[in-house]
2 protein chains.
Amino acid sequence: MAATELRRRGVPDATVARLPAYLRVLAAMADRGVRSTSSEELAAAVGVHSAKVRKDLSQLGTYGVRGVGYDVQHLSLEISRELGMTREWAVVIVGMGHLGRALAGHRGFFARGFRVAGLFDVDPAVIGERVGELTIQDLADLPGTVRGRDAIGVIATPESAAQQVADALVAAGVSSILNLAGGNLAVPDAVDVRPVEVAAELQILAFLRQRRDFDVDLERVAP
Amino acid sequence: MAATELRRRGVPDATVARLPAYLRVLAAMADRGVRSTSSEELAAAVGVHSAKVRKDLSQLGTYGVRGVGYDVQHLSLEISRELGMTREWAVVIVGMGHLGRALAGHRGFFARGFRVAGLFDVDPAVIGERVGELTIQDLADLPGTVRGRDAIGVIATPESAAQQVADALVAAGVSSILNLAGGNLAVPDAVDVRPVEVAAELQILAFLRQRRDFDVDLERVAP
DNA sequence: TAGATTGTTAATCGATTAACAATC
DNA sequence: TAGATTGTTAATCGATTAACAATC
């Protein structure tokens with residue numbers, strides 16, 4: 001048992017970051033009725049090399065069979081468990097602008113084992129409004145919704161409000177935060193924050209394009 | 001000159017990924033009237049260690065002064081240039097659901113040098129609708145909008161439509177794509193795709209939380 | 001000058017990749 | 001058995017970090 005725990009502890013970050021992609025592809029295969037797959041097939045679907053797939057999967061356990069491949073159902077279940085998808089996670093969304101509403105209605109969340117359990121805002125004009133099956137609540141009511149649950153907070157407010165919302169989430173006992181608002185959040189060590197930076201991604205795309213154009217120009221000058 | 005080009009070519013991926021964060025912090029400092037800063041200060045604001053800041057910035061050029069620090073304006077300008085923010089990039093958004101509308105109205109884009117130049121959908125019910133200063137166009141009219149411009153395509157459709165939209169973008173000459181729809185896109189080598197995977201980030205948060213809880217349990221059993 | 005802070009070097013760490021023995 | 005494919009090893013590559021000489 002100790003060995004299992006040490007192994008689990010040690011799944012490399014780069015591997016963890018790829019597990020959702022493997023799980024998505026495996027779920028799609030299962031839907032199509034595919035029973036068995038190989039590292040080569042998974043690699044092609046996810047867009048990496050097969051050695052990486054084998055390395056990654058071997059970090060979790062010995063789920064493949066030499067000469068045969070991987071059982072889609074079994075591997076899917078093991079990755080689900082590893083990612084905590086066998087528990088129920090309550091997702092609370094703070095900020096009910098277009099972005100918050102987009103997330104609230106996102107079918108991919110439910111499909112991947114998350115339940116949107118609360119919608120919050122501070123604007124009296126939207127508090128009380130019904131969005132799908134939920135009613136937008138005052139941010140002050142957050143603690144009542146998250147108490148005693150495995151909750152993940154999603155910040156979908158303007159950047160200027162992000163830190164205050166993060167403070168409120170932490171105070172309510174939320175220790176996993178997805179930050180779509182931009183900016184750096186100050187939170188206690190025990191709290192995980194994952195930023196999603198759309199504007200930064202655009203800048204990275206601009207950088208990459210500019211560099212490519214530049215390299216092409218260089219080739220013209222000195223082929 | 002050749003040396004400059006070789007250097008530029010060689011900015012490591014990990015550094016490129018952090019440039020937008022440096023630029024954001026520097027812009028905020030400039031707004032507050034701060035003239036000069038240090039690697040230590042930048043590091044604190046971005047949430048990394050100062051050695052990394054110095055290493056990153058030294059990849060771009062020699063913009064600091066030993067014993068003094070960095071000039072906020074100057075460094076800001078250099079990073080802007082490196083990220084291509086001195087050109088104008090036309091952002092076209094495909095998919096005018098809540099997510100697409102959230103992006104269309106995002107003030108952070110404009111602030112960071114991007115111009116939303118086109119909004120597209122295939123649903124006749126929304127084509128022609130005005131959103132901010134633009135009118136939603138038929139996806140078929142994409143080529144007219146992007147012709148002759150540095151364009152970045154943003155896919156904000158459901159996952160099921162993502163590949164078709166990517167094909168349309170590529171056919172129209174767009175070679176930088178931000179994919180918010182999920183899934184893996186097949187595109188030519190000369191096209192850059194950056195995925196933004198909200199659902200995957202939630203799964204990673206769930207994984208990290210589960211591992212932390214598990215480690216705490218372990219400590220209780222064997223302190 | 002003395003104090004401060006960069007840019008760079010070297011050491012360390014982690015991730016990727018290729019190759020192949022193990023084994024179904 | 002012969003062919004296929006994994007799991008693992010070793011080599012390579014890239015990123016991080018600590019330390020400090022250079023220098024304002």
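In the text below, chain A, chain B and the rest are named by the order of the sequence lines, each starting its count at 1. The analysis underlying the following values was restricted to heavy atoms, covering all of them including side chains, and did not include hydrogens, waters or symmetry mates.
- Side-chain atoms of A:Asp192 and A:Ser176 form no donor-acceptor pair, as typed in the model, at a separation below 3.5 Å.
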Pairs counted only when both distances fall under 3.5 Å, Watson-Crick or G-U: show me the 5' to 3' dot-bracket for DNA chain D, [ ] for pseudoknotted crossings and | for other-strand partners.
..||||||||||||||||||||||

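- With sequence neighbours left out, A:His74 forms a ring pair (Phe, Tyr, Trp, His ring centres under 6.0 Å) with A:Tyr63.
- By the salt bridge (Lys or Arg N to Asp or Glu O under 4.0 Å) test, A:Asp150 is found to be paired with A:Arg87, residues two or more places apart in sequence or in another chain being considered.
- Identified under the salt bridge (Lys or Arg N to Asp or Glu O under 4.0 Å) test for residues 98-111 of chain B, with sequence neighbours left out: B:Arg101-B:Glu129.
- Here A:Glu41 pairs with nothing under the salt bridge (Lys or Arg N to Asp or Glu O under 4.0 Å) rule; sequence neighbours left out.
- Protein chain B contacts DNA chain C over a range whose 5' and 3' limits, counting nucleotides with an atom under 4.0 angstrom from a non-hydrogen atom, are C:dA4 to C:dA10.
- Looking at residues two or more places apart in sequence or on another chain, you find a side chain to side chain contact (heavy atoms under 4.5 Å, CB included) between B:Ser50 and B:Ser39, B:Glu40, B:Ala43, B:Arg54.
- Within the 3.5 Å criterion, the main-chain N or O of A:Ser76 finds a donor-acceptor partner in the side chain of A:Ser80.
- Not a single salt bridge (Lys or Arg N to Asp or Glu O under 4.0 Å) links B:Arg66 to another residue, sequence neighbours left out.
- Near DNA chain C, defined here as any heavy-atom distance below 4.0 Å, the residues from residues 34-55 of chain B are B:Ser38, B:Ser39, B:Arg54, B:Lys55, listed numerically.
- The backbone N or O of A:Gly108 sits less than 3.5 Å from a side-chain atom of A:His106, completing a donor-acceptor pair.
- Every residue was checked against the side chain to side chain contact (heavy atoms under 4.5 Å, CB included) condition with B:Leu77, not counting sequence neighbours, and none meets it.
- With sequence neighbours left out, the salt bridge (Lys or Arg N to Asp or Glu O under 4.0 Å) criterion links B:Arg149 to no other residue.
- Across residues 64-72 of chain B, B:Val65, B:Arg66, B:Gly67 each have a non-hydrogen atom less than 4.0 Å from an atom of DNA chain D (numbered order).
- A salt bridge does not link A:Asp71 with A:Arg35: every distance from a Lys NZ or Arg NE/NH1/NH2 to an Asp or Glu carboxylate oxygen is 4.0 Å or more.
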